[in-house]
Structures are given as C-alpha cells and as structure tokens.
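We count ligands from 1, going down the list as the structure has it; atoms in each ligand are counted the same way.
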Amino acid sequence: MKKLYIETLGCQMNKSDSERIAGILSQYDYSETNNEKEADLLIINTCSIRQLSADKAYSQLGVWGKMKKTKPNIKIGICGCVAQQDKENIRKRAPYVDLIFGTHNIYELPELIAKLEKGEKICSITTKPVIKNQNDFKIIRKDSVNAWIPIIEGCNNFCTYCVVPFTRGRERSRNPQEIIMEAQNVINEGFKEITLLGQNVDSYGKDFNNPDITLANLLRALNKLEGEFRVRFVTSYPSDITDDLINAVDECEKVCKYFHIPMQSGNSRILKEMNRRYTKEQYYEIVNKIRQRFEGVTITSDFIAGFPSETEEEFQDTLNAIEELELDYSNTAAYSPREFTKAGKMTDKFIPENIKYERLERLNEKNKEACLKSNKKFVGKTLKVLVEGKTEKDGKIILNSRADNNKIVHFEADKYNIGDFIMVKITRAQTWCLYGEPVE
Ligand code: SAH
Ligand code: SF4
Ligand code: F3S
C-alpha cells in the first residue's frame, strides 16, 4: 500500500472533507500516515477565509516542493477553498504540484487518482458538484467519539466580507434519508456524538421544495434513533433560527442545548454594511428568547474587528454585546480583505492595520472576561459530560471531557473510559475550562 499524508486547515467542513478524502483513497490503496516524510502522496486541504490561512497553504506547498527535489517520486496535492479559488494559477507559484481539486470534486477522486498514477498533472475544479451518494464511499474518521456529518454545503448569503459563497458554491442540502443512514452507521460503529455541519444549518432543506424537510425535523428523526449518543449542529444564522427549531432542541433529549450563532458585529449599521440580514436588536431578541427557554444553555458567537468604515463607537457596540448578552465564548478575527468580495473593494474605507489589531486585542480581552464569567456560573452545578481523552499527570489519571453545553471539563478518575457519559459536579472554573469531580 502507498502512504497518504493529509494536512487540514480551516473549518470543520474541511475536517469532514479530509476524512472523506482519506476514506476514498483508502479504497485505492492509500493508507494514511501521520509522518509526512514517509508519504507517497501529500495533500493539503486549504482554507481561504483570511489572507493568513491562504498564505499557510502556499508556505506548506513550498516546504513539500523542496522535499520533492530530493524525492522526485512523491506526489503533491492541494484541495479545499484555496484550490477552488486559485485553480490552475496555483502552478504559477508552485509548479511542482501534481494534483489540484476543488471543493466540489472530492467524489471524483477515484478517476483523478487513476490519472495521477499514470503520471498526469491534474487540475479539476468545477462550480457544480460531482454528485454521488456519499454512503457509497468509505470515511476514515479522525476522532473516536465525535462524527462530523455534513448536512448542507455552500452558502447563499454573500456577507460582504466572506469568500465562502465563492469557494463552496450555492446551498445544497443532503437527502435526509442519506443523513439518517450515515448517523445510524456511526452509532453502530460506537460514536457517541454526531455534529451536523453546514455553513448555514438553518437553511437545511430549503432547496427541496418540501416544507417537512427542515433542520428541526432532522433533529427529531435523529433523536428517535436508538443508542446513547448526543447531537450538535453548527453553524446557525441568527435570523434563520425558527421557533420550530427551538422547540425541536427542547423536545429532543439527545440534542445538546448549545447554539453557535455568529453575530459578527454589535452595531446595526456595520451589520447592514456586512449584508447580515438582522439588526443588533433582532440578535438580542433571539439570544434572549433562547436563554429564557433553556436553563444553562450556552451561546457562542464570532466577531470581526475593524470591518471597513467601522468607527471606534461602532466597535464599542461589539464589546457591549459580548458583555450584555453574556456570550459564553466567541471566535474573533481582524477583518481580512478577500478577493471577489464586496467589502474587499471598499479600499478607501479600510481601517489601518494598527487600529484593527488594537481592536482585536480589546475584543479578545472582552471575550476572555466573558468566558471566565460564563464558566463561573457553572461552579456547583452538575453537568453531563462525554469523555474525549485521558492524560496522566503526577501519577493521576485526568479525564478530558466536554459537557453537553460544549464546555471543556477536566476531572480525576481512574475507572472511566473514552466514550463514557458521566455526571460531573463542577468545583472550579478557569477562563478556558472547568474542573470537577464525578458524581455517582
Ligand atoms: N457561516 C458562518 C461562518 C463561516 S466563516 C456564519 O455565517 O457565521 C467563519 C468566520 O470567519 C465568520 O463567522 C467570520 O467571523 C470570520 N470571517 C469570515 N470572513 C472573514 C474576513 N474576511 N475577515 C475576517 N474574518 C472573517
Ligand atoms: Fe460567509 Fe456569511 Fe455565508 Fe457565513 S453566512 S459562510 S459568513 S457568506
Ligand atoms: Fe475556510 Fe473554506 Fe471553511 S474558506 S472556513 S475552509 S469553508
């Protein structure tokens, strides 16, 4: 067998894609290795959400290009969002690349690999997906407790800063039966957590012309499957969260009471400039509605600092939102101009780098405070956790786990295993994690 090494950058969708790529290639005589030095085929699955992520892809190719000078038989591949965007142009910067394939071309890999074996140089990028029933292909999952299941790919929202609609195309929902079958398979295989993935999970089913196919009903169907497991879904678009979805989360005991709802900015003018379809007030309403409905629910968000034209006062609204809404955690980033996007062309309104990064620093400080405050709320409470890993420290076994509400919980115990669900009483809170002890 030949050896395959995949490096994965970017979001969970890329992680899931890499598991599928490794699975397909395993059916064509490639086994995965963690050691790039012994690989026959090296693939980088790339992200272009910010310039920094795209730069990482090219610097990795550079390293592999040098490797190829001493080992000319190795093959180098690139896929994911940078590949979809830069296409054949990748070879201008990295002429030694053998295989380029886009985000829509993963299921075409059997044909592409056959050509690669014949020594052909390949670039396969389409704007329409090569559709196949994904269940016909093997998946090699990286995690032993969590299984990623993509339910909708692409995005129709065209937020003015974002490259995703250009790299992932228009929204396409997977057939519900196909998703349920994949979920049943992972439960049978012993996975304890299913994370439903989509750039915009609330849009699930809209392209089917059948009002019964919704995320809410998908959750209800998954909840009926037998076995001990839990279900999460990411990412939600604020104004697309329906009452029916909230009801479904409430009804379904296997669905985690956790929402990831990126706000992006706490200021309504900036939200409008971003082409987000909600105001600050509407976002506050949805968060309050969810908080009132579920006790102990966690709500996480994403924010961008220094969007073109953002004033200091408008940035303050973002800091205030984190505090006022008591957001449990937020991903943060400084605005990065992207090719093809509307905001990327607003060059006269760009915020100077030093101001942007100074705002990002304050945003991170605020996020840290909010996380600690959120974690402290759970001290004294008992949470249901799923054990994800074990570490040994000073002769003691520490279990690393995650609560239903997505909080990381560490506790000492020697009788439990990875994949066990346990009730843990929280005794101590730090900024990024909780500590506790198991309750019988
Ligand atoms: N579909 C999700 C997010 C996908 S991208 C949503 O609608 O929220 C993940 C995050 O990257 C975004 O939430 C945003 O905060 C950030 N991001 C996207 N484009 C960016 C850019 N040009 N500069 C900085 N951050 C960006
Ligand atoms: Fe990007 Fe907006 Fe789509 Fe999210 S909803 S992927 S931020 S365009
Ligand atoms: Fe990055 Fe593409 Fe995901 S741009 S964030 S890998 S959809």
Show your reasoning for whether side-chain hydrogen bond (donor to acceptor under 3.5 Å, both in side chains) applies to Thr279 and Ser268.
CA-CA 5 Å; Thr279 59; Ser268 295; 4.6 Å; no
Residues His260, Thr235; criterion side-chain hydrogen bond (donor to acceptor under 3.5 Å, both in side chains); working and verdict
CA-CA 6 Å; His260 181 57; Thr235 299; 4.6 Å; no
Before you tell me yes or no, could you show the steps for Gln282 and Ser239 under side-chain hydrogen bond (donor to acceptor under 3.5 Å, both in side chains), namely the whole-Å CA-CA distance, both residues' side-chain angles and the distance that decides it to 0.1 Å?
CA-CA 7 Å; Gln282 285 165 326; Ser239 46; over 6 Å; no
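Closest heavy-atom contact between Arg141 and Trp148: NH1-O, 2.9 Å.
Here the protein heavy atom with the shortest distance to atom 1 (Fe) of ligand 2 is Cys162 SG, 2.3 Å. Protein heavy atom at the shortest distance from atom 4 (S) of ligand 3 is Ser48 N, 3.3 Å. The nearest protein atom to atom 8 (S) of ligand 2, hydrogens excluded, is given as Cys159 N, 3.4 Å; this is a heavy-atom distance. The shortest contact between atom 5 (S) of ligand 2 and any protein heavy atom is with Asn157 ND2, 3.3 Å.
The ligand atoms of ligand 2 that sit less than 4.0 angstrom from a heavy atom of Phe158 are 8 (S). For ligand 2, the atoms lying closer than 4.0 Å to a non-hydrogen atom of Arg276 are 2 (Fe), 5 (S), 7 (S). Taking a cut-off of under 4.0 Å to the non-hydrogen atoms of Pro165, the atoms of ligand 2 that pass are 8 (S).
Counting only protein atoms, the N, O or S atoms lying less than 2.8 Å from atom 3 (Fe) of ligand 3 are Cys11 SG, ordered by chain and residue number.
A salt bridge between Arg269 and Asp317 is absent, with no side-chain N of the basic residue lying under 4.0 Å from a carboxylate O of the acidic one.
Here Pro262 has no heavy atoms under 4.0 Å from ligand 2, in either its backbone or its side chain. The part of Cys155 lying near ligand 2 is the side chain, judged by heavy-atom distances below 4.0 Å. Contacts of Tyr161 with ligand 2, taken as heavy-atom pairs under 4.0 Å, involve the side chain alone.
Distance alone, capped at 3.5 Å, is enough to place a donor-acceptor pair between the Thr298 side chain and the Asn405 backbone. Although no hydrogens or angles enter the test, the distance criterion places a donor-acceptor pair under 3.5 Å between the side chain of Arg170 and the main chain of Pro165. For the pair Ser173 (side chain) and Gly205 (backbone), a donor-acceptor distance under 3.5 Å is present. Asp302 places no side-chain N or O within 3.5 Å of a backbone atom of Gln264 that could act as its donor or acceptor partner.
Ring planes of Tyr283 and Tyr278: tilted class, angle from 30 to 60°.
Here Tyr335 and Tyr161 keep their ring centres 6.0 angstrom or further from each other. Between Phe166 and Phe158, the distance from one ring center to the other falls under 6.0 angstrom.
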Could you list, one pair per line, each nitrogen or oxygen of ligand 1 together with any protein nitrogen or oxygen closer than 3.5 Å, giving atom names and the distance rounded to 0.1 Å?
from     : atom 1 : to     : atom 2 : distance (Å)
ligand 1 : 1 (N)  : Gln199 : O      : 2.7
ligand 1 : 7 (O)  : Arg276 : NH1    : 3.2
ligand 1 : 8 (O)  : Gln264 : NE2    : 3.2
ligand 1 : 13 (O) : Gln264 : NE2    : 2.7
ligand 1 : 13 (O) : Asp302 : OD2    : 2.6
ligand 1 : 15 (O) : Gln264 : OE1    : 2.7
ligand 1 : 22 (N) : Tyr161 : O      : 3.0
ligand 1 : 22 (N) : Ser336 : O      : 2.8
ligand 1 : 23 (N) : Ser336 : N      : 2.9
ligand 1 : 25 (N) : Arg50  : NH1    : 3.2

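Lys407 and Asn375 share a side-chain donor-acceptor pair at under 3.5 Å. Counting only N and O atoms by type, the side chains of Thr46 and Tyr58 include no donor and acceptor under 3.5 Å apart. Between Thr167 and Gln85, the side chains place no donor N or O within less than 3.5 Å of an acceptor N or O (distance only, hydrogens not considered).
Across Val164, Val163, Asn200, heavy-atom proximity to atom 6 (S) of ligand 2 is greatest for Val164.
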